[in-house]
Structures are given as structure tokens and as C-alpha cells.
Amino acid sequence: MIEYVSYRVSEARKYGSDAATVLHGLRVFIAGNKSEGQGLKGGAYWVCKSAKGLCSLYPHITQDRMKRILAKLEEAGEITSTSEYNHSPFDRTKWYTMPEFCEADLFSADAHSRECKSAPSSGVDSHLLKVQNCTFSKCKSAPSLNTNPYSNPISNPSLLGVADAPPAKKEKKRGTRLQEDWSPTSENIEYARAKGLSDQRIQFEAEKFRNYWTSKSGSAATKIDWGKTWNNWILNVIERLPSQSEQQRRNNPDRLRDKYQERLNAAYNRS
């Protein structure tokens with residue numbers, strides 16, 4: 001089990017941290033085989049790893065997720081796989097390689113033009129032609145002057161000497177305090193009128209609104225949109241207003257008389 005994981009930030013941005021970790025791990029294993037002169041098959045250096053074996057190295061990734069990650073990386077052209085190098089035809093363990101570990105001298109301009117006209121020769125395995133979506137049977141022109149025809153400077157900006165651009169940061173809106181001389185706009189007044197407040201009540205609430213927010217301190221006194229803050233203030237006022245039936249009940253003379261009698265009876269009982 002690997003205690004610490006590492007990956008390339010550009011690959012993590014593109015595929016996610018888990019996929020970037022697996023991709024970097026395969027790169028390290030293949031590079032180790034290349035440095036030791038092992039795993040050279042069909043013009044490229046390979047490493048034999050199963051999804052279960054990779055999960056033992058990265059236990060935070062489940063086996064099902066590992067299979068999905070490998071399929072995703074292969075579909076993106078970052079890796080290619082085959083099981084043709086296993087000794088037993090029943091062994092389906094995958095061998096993996098990457099474009100950067102393909103031998104460039106096997107894909108010269110002459111070899112490339114031959115592959116455009118006919119099936120792949122015995123010197124090059126057919127599954128290698130899928131690396132970085134370079135299918136020679138569909139090619140119409142000779143490769144560029146890149147030493148490695150699998151290198152795609154469009155998909156790999158580092159080959160052009162261009163560093164990966166950091167993602168653009170969204171500008172965070174900052175709140176402001178209410179002006180000392182604030183007064184409601186025509187839109188503010190119309191909103192309050194539409195909610196049923198009279199002009200006199202609107203002026204009263206505007207004064208309360210200004211006094212409250214200009215005297216308040218701290219971060220809570222700053223708002224991004226004071227128009228919406230005013231709207232919420234008016235809605236709170238409407239919620240606190242008694243309903244028409246409640247107002248009628250409060251002004252009912254019989255209720256006032258009964259309440260007065262209750263108080264007299266309570267005072268008499270205490271005495």
C-alpha cells in the first residue's frame with residue numbers, strides 16, 4: 001500500500017484527483033520498467049497491472065471505481081491496454097502503456113506512409129495505433145517533425161512550452177454599508193405600496209430602516225443588494241400587521257367590557 005499519493009495538477013483538473021493518481025502511478029511503473037530495460041514489447045514499454053492489484057496500492061479507490069477510471073483514461077487516449085502479452089490465453093490481466101513510452105524510431109515518416117496504405121506491419125502492434133487517437137489507416141498525410149508522432153501538442157500544452165493556465169477565479173461580490181443619507185427610491189416606494197402600506201407608513205418604515213442599518217456595526221451591516229434588503233424589511237412589516245378580523249376583534253366594545261370586568265373580578269378576589 002502506498003502511504004502518500006502524488007499526481008500532476010493539470011491531470012487532476014482534467015480527470016479528477018483519483019484518476020490523476022492512477023495515471024501518475026502507471027507512469028512511474030512504466031518508467032521503472034524502461035530504466036531496467038524490462039517490459040519492451042511491440043515498440044513500447046509496458047507494465048502489467050490488474051485493477052485489483054492497483055486497488056491494493058490505492059485502497060481508497062474501490063475496484064469498480066478503478067475499472068471506470070482505467071476505462072476513462074483509455075478513452076481519453078492517456079493510456080492504452082492489451083492482454084495479448086500474457087502467457088495464457090485465459091489470463092485477462094491488462095498490460096498498460098502511455099504515448100510517452102513508445103519508441104519514436106519505429107514510427108518514422110516512411111513507416112507512417114506505409115501504414116497509411118496497408119495493414120500494420122509485424123514490427124508494430126495494431127493496438128499501439130490507437131494511442132492518442134492516432135489511427136494510421138485513416139491518416140492522409142505524413143507526420144509532423146515531432147520526434148514522437150504520438151506527442152500531441154494540442155492536448156499536451158507543455159510540449160509547446162506553455163504552462164497550464166490556472167482556472168479563472170470568479171470575482172466575489174463585496175457588500176457595502178447603507179448610506180447615511182439613504183432614502184427610498186421610487187421602486188422601493190412602489191413595492192411597499194403594492195404590499196398594502198400607506199405613504200405615511202412607508203415614510204415611517206423608511207426612517208426605521210435607515211436608523212437601524214446605519215447604526216448597526218460589523219459584517220452583518222453590509223449587504224450586496226440593499227433593494228432586496230428593503231423588500232425583506234417590508235415583508236416582515238406585513239407579517240407583523242394584524243389581520244382584519246384580529247383588528248375588529250380588538251376594537252369590539254363587548255370584548256373591551258368583558259376584559260374590564262375580568263380585571264375587576266380578579267382584583268376583588270385578591271382582596
Side-chain angles (χ1 to χ4, degrees), residues 3-24 58 60-62 65 68-69 72 76 154-158 160-260 262-263 266:
E3 188 173 0
Y4 301 100
V5 298
S6 59
Y7 51 78
R8 293 181 178 178
V9 175
S10 58
E11 293 172 345
R13 288 173 182 158
K14 192 173 182 181
Y15 304 113
S17 58
D18 285 348
T21 298
V22 174
L23 185 59
H24 185 69
Y58 307 108
H60 64 288
I61 303 176
T62 64
R65 176 159 172 74
R68 292 195 299 270
I69 287 174
K72 174 183 176 181
I154 296 176
S155 63
N156 190 358
S158 61
L160 298 176
V162 180
D164 291 341
K169 292 184 179 179
K170 292 185 179 178
E171 235 179 89
K172 188 177 180 181
K173 292 183 179 179
R174 301 187 65 178
T176 58
R177 291 185 59 86
L178 189 69
Q179 303 265 342
E180 292 285 343
D181 58 349
W182 176 88
S183 60
T185 63
S186 58
E187 289 83 0
N188 298 149
I189 295 174
E190 288 301 324
Y191 181 84
R193 284 175 180 169
K195 295 300 179 182
L197 296 183
S198 64
D199 289 351
Q200 184 179 1
R201 183 61 186 267
I202 293 171
Q203 292 302 322
F204 176 71
E205 293 299 334
E207 185 176 356
K208 284 175 58 180
F209 183 84
R210 181 174 56 251
N211 292 341
Y212 177 82
W213 289 112
T214 55
S215 63
K216 193 173 180 64
S217 62
S219 59
T222 61
K223 302 294 178 184
I224 295 176
D225 191 333
W226 281 107
K228 291 182 179 179
T229 306
W230 165 262
N231 294 348
N232 288 336
W233 181 281
I234 295 301
L235 291 176
N236 290 332
V237 171
I238 300 300
E239 285 181 351
R240 291 194 296 268
L241 289 176
S243 63
Q244 187 174 2
S245 59
E246 177 67 16
Q247 190 68 28
Q248 291 174 351
R249 190 180 66 82
R250 289 183 181 180
N251 296 333
N252 190 338
D254 293 336
R255 177 182 175 278
L256 296 175
R257 185 173 55 252
D258 293 343
K259 195 169 185 63
Y260 178 72
E262 288 175 4
R263 290 182 179 178

With a 4.0 Å cut-off, would you call K208 and E205 a salt bridge? yes
How far does CZ of R68 sit from OG1 of T62, to the nearest 0.5 angstrom? 6.0 Å
Closest non-hydrogen contact found for A192 with W230 is CB-CZ2, 4.3 Å
Using side-chain heavy atoms (C-beta onward) and a distance below 4.5 Å, is I202 in contact with Y191? no
Can you name the nearest heavy-atom pair linking V237 to R201, along with the distance? CG1-NH2, 3.7 Å
Just how far is it from atom CD of E180 to atom OG of S215, taken to the nearest 0.5 Å? 9.0 Å
Going by heavy atoms in the side chains, are T21 and I69 under 4.5 Å from each other? no
Between W213 and W182, ring centroids under 6.0 Å: no
Do I238 and L241 come within less than 4.5 Å of each other through their side chains, counting heavy atoms only? yes
Using the side-chain hydrogen bond (donor to acceptor under 3.5 Å, both in side chains) rule, take N188 and T185 through it: C-alpha gap first, then chi angles, then the decisive distance, then the call. CA-CA 5 Å; N188 298 149; T185 63; 3.0 Å; yes
4.5 Å side-chain heavy-atom contact, E239 and L235: no
Residue pairs passing the salt bridge (Lys or Arg N to Asp or Glu O under 4.0 Å) test where at least one lies in residues 184-195, sequence neighbours excluded: E190-R193, R193-D199
Would you list the pairs meeting salt bridge (Lys or Arg N to Asp or Glu O under 4.0 Å) in which at least one residue belongs to residues 222-238, sequence neighbours left out? none
Any chance OH of Y15 has more than 12 other-residue heavy atoms, nucleotides or ligands included, within less than 6.0 Å? yes
Donor-acceptor pair, distance only, cut-off 3.5 Å: does the side chain of R210 make one with the backbone of D181? no
Taking all non-hydrogen atoms of both residues into account, name the closest pair between A221 and R177 and its distance. CB-NH1, 3.2 Å
Between L178 and K216, does a side chain to side chain contact (heavy atoms under 4.5 Å, CB included) hold up when you go through it step by step? CA-CA 10 Å; L178 189 69; K216 193 173 180 64; over 6 Å; no
